[in-house]
Each structure stands twice: as C-alpha cells, then as structure tokens.
S.K.: 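Dropping the structure in here first, questions after.
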Amino acid sequence: VLVARPLAVLVALAPTRLGLRAQAMVSWVGLRGAVPIILATFPLAAGVREAETIFDAVFFIVLTSVLVQGTTIPLTARWLDVDAPLAARPPYPLEAVSSADGGTSLHEITIPTESPVADRQLVDIGLPAGALVVLISRDGRFVVPQGATVLRSGDNALVLADPDNLARVRDILEGTSQEGQQQ
C-alpha cells in the first residue's frame, strides 16, 4: 500500500501527463473490490493446497482496504488538491420513459472540441436512421434542434437512439468516425 503500489503507479503512469499529485491519488485508490476476490477464487477452483487461506487473506485485505482507504478517498483528494466539484448542469426540461420493447433510449453525448461535426448543421452530419437529436444543452440553455441547427463544441446533445445505432452516433458526434467528417 505504501511502497509497492506507489512505485508500480509511478512506473505505469510515467508516459502519461499526469502530475505527481494525480499519480499519488491513483496509487492511494488502488485496485480493490471484486477483482482481487475473483482472482483469489482461481486457486480454490484449481484445488491448490491452502487455497482457502489465500482466499481468506485476500478477502480480509480487500475489506480492510475498502474500509480504511476507501473511506479516506475524499479527504485524500482534498489533501492532494486533486478534487474538483462536478460541473453544475441544469436538469433537462423533459421526462423520458423507456420503451417497453427495450428499443430506443435517451443518451447524453458531449460534442468535444476536436469533433468534425462542431460548427456544422445537424442535417449535414449523417446521423443514421433510428437516431434523433431531441434536445441540445448549450451554455446553460436548451435548444430544440432542427435540421439547420449548428452544433458547437461543448454542446450536450440528448440523443434518442436504438442500441444498434448508438455506437455509430457516438462515433459521429465525438469525432471518431469518418461519417461526420463528410461535407
């Protein structure tokens, strides 16, 4: 907790742009929860001698880590000055009800700065059939989009889409697809 994990985090995050405080926070948060417990079941399943002792030790360590480290995460984040308040967002002025067949659902997608659909009209971005931008949150206000509505970076688009098209819609709006780049 105090030596091995911080060293491993420093080595693993060295190529990133994270500062020392953020790396310290990552090392404090660590790996906990279901993953180590599931990994500890492998010796049990393989019939390794003393596997129950291994499992019990891992379970106790995870539980202790969650109780001690987990409860101190907000305090540690403030102490390392890596905490940040969530951005205040106005609630959407509509209520959504899921369809009974599990077809379409609402998803919020933010248009990033580098997105090729920024500064383009909604009609020109090539959304697939089965996807519809129903509302845009922009600068604390809501815009009911039409085909001529110009998307801007930083817009939060509320998209009604079926599961088959959601990935394509995300690719187009977030700029990972060639479709949104066509003019």
S.K.: Go through V133 and L160 one step at a time and tell me if the side chain to side chain contact (heavy atoms under 4.5 Å, CB included) criterion holds.
M.R.: CA-CA 6 Å; V133 177; L160 185 65; over 6 Å; no
S.K.: Using modelled atom types and a 3.5 Å cut-off, is there a donor and acceptor pairing between side-chain atoms of D155 and backbone atoms of A157?
M.R.: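 No, the answer is negative, given that no donor and acceptor are paired below the 3.5 Å cut-off.
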S.K.: Does a side-chain N-to-carboxylate-O contact under 4.0 Å join D83 and R78?
M.R.: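 A salt bridge is absent here (no side-chain N lies under 4.0 Å from a carboxylate O).
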S.K.: If you compare all heavy atoms of V117 against all heavy atoms of L173, which two are closest, and at what distance to 0.1 Å?
M.R.: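 Looks like CG2-O, 3.7 Å.
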S.K.: Just so I know, are the side chains of M25 and I73 near enough to count as touching, which here means a heavy-atom distance under 4.5 Å?
M.R.: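 SC-SC contact between M25 and I73 confirmed.
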S.K.: Can you name the nearest heavy-atom pair linking T110 to E174, along with the distance?
M.R.: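 Between these two residues, the closest heavy atoms are O-CG, 4.0 Å.
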S.K.: Taking side-chain hydrogen bond (donor to acceptor under 3.5 Å, both in side chains) as the cut-off, I'd like each qualifying pair that reaches into residues 145-154, sequence neighbours left out, listed once.
M.R.: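 Applying side-chain hydrogen bond (donor to acceptor under 3.5 Å, both in side chains) to every pair that reaches into residues 145-154, excluding sequence neighbours, yields nothing.
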S.K.: Answer whether the closest heavy-atom distance between the side chains of L135 and V143 falls below 4.5 Å.
M.R.: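 No, every pair of side-chain atoms sits at 4.5 Å or beyond.
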S.K.: Are the side chain of S65 and the backbone N or O of I61 linked by a donor-acceptor pair below 3.5 Å?
M.R.: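 Here the side-chain-to-backbone pair does not exist.
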S.K.: Apply side chain to side chain contact (heavy atoms under 4.5 Å, CB included) to L127 and V169, showing your working.
M.R.: CA-CA 6 Å; L127 287 177; V169 171; 4.0 Å; yes
S.K.: Is there a path of hydrophobic side-chain contacts, each under 4.5 Å between heavy atoms, that joins F55 and I38?
M.R.: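 Not linked; separate clusters.
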S.K.: Between R120 and D124 (side chain of the first, backbone of the second, donor and acceptor by atom type, cut-off under 3.5 Å), is there such a pair?
M.R.: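 Between the backbone of D124 and the side chain of R120 there is a qualifying donor-acceptor contact (under 3.5 Å).
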S.K.: Same cluster or not: V35 versus F42, using hydrophobic residues (I, L, V, M, F, W, Y) connected whenever any side-chain heavy atoms lie under 4.5 Å apart?
M.R.: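 Same cluster: V35 reaches F42 through Ile, Leu, Val, Met, Phe, Trp or Tyr contacts under 4.5 Å.
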S.K.: Would you mind reporting whether L80 and W28 have side-chain heavy atoms less than 4.5 Å apart?
M.R.: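 The answer is no, as the side chains (C-beta and beyond) never meet within the 4.5 Å cut-off.
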S.K.: Answer with yes or no whether the hydrophobic clustering places V150 together with I172; edges join I, L, V, M, F, W, Y residues whose side-chain heavy atoms lie under 4.5 Å apart.
M.R.: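 No, V150 and I172 fall in different hydrophobic clusters.
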S.K.: Do V144 and V134 land in one hydrophobic cluster if side-chain heavy atoms of ILVMFWY residues count as linked below 4.5 Å?
M.R.: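 Yes; tracing contacts between hydrophobic side chains, which count when under 4.5 Å, links both residues.
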S.K.: For I111, is there any backbone N or O sitting under 3.5 Å from a side-chain donor or acceptor partner on S115?
M.R.: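 Checked: no pair found.
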S.K.: Are there more than 12 heavy atoms of other residues, nucleotides or ligands under 6.0 Å from atom CD of Q121?
M.R.: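 Yes, CD of Q121 has more than 12 neighbouring heavy atoms, counting only those of other groups under 6.0 Å.
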S.K.: Of all heavy-atom pairs between R170 and E108, which one has the smallest distance, and what is that distance?
M.R.: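 Looks like NH1-O, 4.1 Å.
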S.K.: Salt bridge (Lys or Arg N to Asp or Glu O under 4.0 Å) with D119: which residues, sequence neighbours excluded?
M.R.: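 Per chain and number, D119 pairs via salt bridge (Lys or Arg N to Asp or Glu O under 4.0 Å) with no residue.
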S.K.: Same cluster or not: are V26 and L10 linked, directly or through other Ile, Leu, Val, Met, Phe, Trp or Tyr residues, by side-chain heavy atoms under 4.5 angstrom apart?
M.R.: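 Unlinked, V26 and L10 end up in two clusters.
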S.K.: Contact between I136 and L158 at the side-chain level, heavy atoms closer than 4.5 Å - yes or no?
M.R.: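 Side-chain contact under 4.5 Å: no.
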S.K.: Side-chain contact test, heavy atoms from C-beta onward, threshold under 4.5 Å: evaluate it for L151 versus L122 and give yes or no.
M.R.: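 Counting from C-beta outward, L151 and L122 do come under 4.5 Å.
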S.K.: Quick one: closest heavy-atom pair of S27 and P6, and the distance?
M.R.: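 Between these two residues, the closest heavy atoms are CB-CA, 3.7 Å.
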S.K.: Is a side-chain donor or acceptor of Q23 paired with a backbone partner of L18 at a separation under 3.5 angstrom?
M.R.: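 Yes, because the side chain of Q23 sits within donor-acceptor range (under 3.5 Å) of the backbone of L18.
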S.K.: Which heavy atom in N165 sits nearest to a heavy atom in G130, and how many Å separate them?
M.R.: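 So the two residues come closest at ND2-CA, 3.9 Å.
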